[in-house]
Amino acid sequence: PHGREDAPYAPMLCAAYVRQQAVSIPDVEKFSKEIGKQQVYIDSLKERIGQESEYAGRMRDEKYEQELKVQKSNQRIFELQKTNEQMGRLLSKIPPEILEELQKSNLVFVSWGEV
């Protein structure tokens, strides 16, 4: 019974729905285009973030390499200082008169002031 009573209004409801949809289709297309633009912008931001992340990774790698070089240089300095101290201790064990003789004969170029 209800369906039969509503049946005369069905064509009017369909016509109203079609008019409403016809008006909203341009809005949907406009909205769809805006979504597309936003997606392009989001994609460009993702790309930029990826590039910056890659750059930051390279900078971390370079910083790590520089830190390794500094550590190696510091280790080399430490080794040279240790060697100098050992040579100084060895030279201090040589009696002064022997060093004096060696210096006179130009066999040793180090003076006591340099040790």
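The basis for the numbers below is simple: all heavy atoms, side chains too, and nothing from hydrogens, waters or symmetry mates.
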> Would a distance-only check, ignoring hydrogens and angles, find a side-chain to backbone donor-acceptor pair under 3.5 Å from Thr83 to Glu79?
Replying inline: yes
> Going from CZ on Arg58 to CG on Asp61, what distance comes out if it is rounded to the nearest 0.5 angstrom?
Replying inline: 9.5 Å
> How is the hydrophobic cluster of Leu90 composed, in terms of its other members, when Ile, Leu, Val, Met, Phe, Trp and Tyr link through side-chain heavy atoms under 4.5 Å apart, directly or indirectly?
Replying inline: none
> Rounded to the nearest 0.5 Å, how far apart are CZ of Phe31 and CD of Gln38?
Replying inline: 9.5 Å
> Taking everything shown except Arg48 itself, do over 12 heavy atoms lie less than 6.0 Å from its CZ?
Replying inline: no
> Does some side-chain heavy atom of Lys72 sit less than 4.5 Å from a side-chain heavy atom of Arg76?
Replying inline: no
>> Could you check whether any side-chain N or O of Ser44 sits under 3.5 Å from a backbone N or O of Tyr41, counting only pairs where one atom can act as donor and the other as acceptor?
In response: yes
> Can you get from Ile98 to Leu91 by hopping between Ile, Leu, Val, Met, Phe, Trp and Tyr side chains that sit under 4.5 Å apart?
Replying inline: yes
> Below 4.5 Å, heavy atoms only, C-beta onward: do Lys63 and Met59 meet side chain to side chain?
Replying inline: no
> Is the shortest heavy-atom distance from the side chain of Ile77 to the side chain of Gln81 under 4.5 Å?
Replying inline: yes
>> Please give the remaining members of the hydrophobic cluster of Val70, linking ILVMFWY side chains under 4.5 Å, ordered by chain and number.
In response: none
>> For a side-chain hydrogen bond (donor to acceptor under 3.5 Å, both in side chains) check, start with the C-alpha distance between Gln66 and Glu62, then their side-chain angles and the critical distance, and finish with the verdict.
In response: CA-CA 6 Å; Gln66 292 300 320; Glu62 287 180 23; over 6 Å; no
>> For Lys30, is there an ion pair with Glu34 - N to carboxylate O distance below 4.0 angstrom?
In response: no
> Hey, are the side chains of Asn74 and Phe78 touching, using non-hydrogen atoms and a 4.5 Å cut-off?
Replying inline: no
> Between the main-chain N or O of Glu29 and the side-chain N or O of Ser32, is there a donor-acceptor pair closer than 3.5 Å?
Replying inline: no
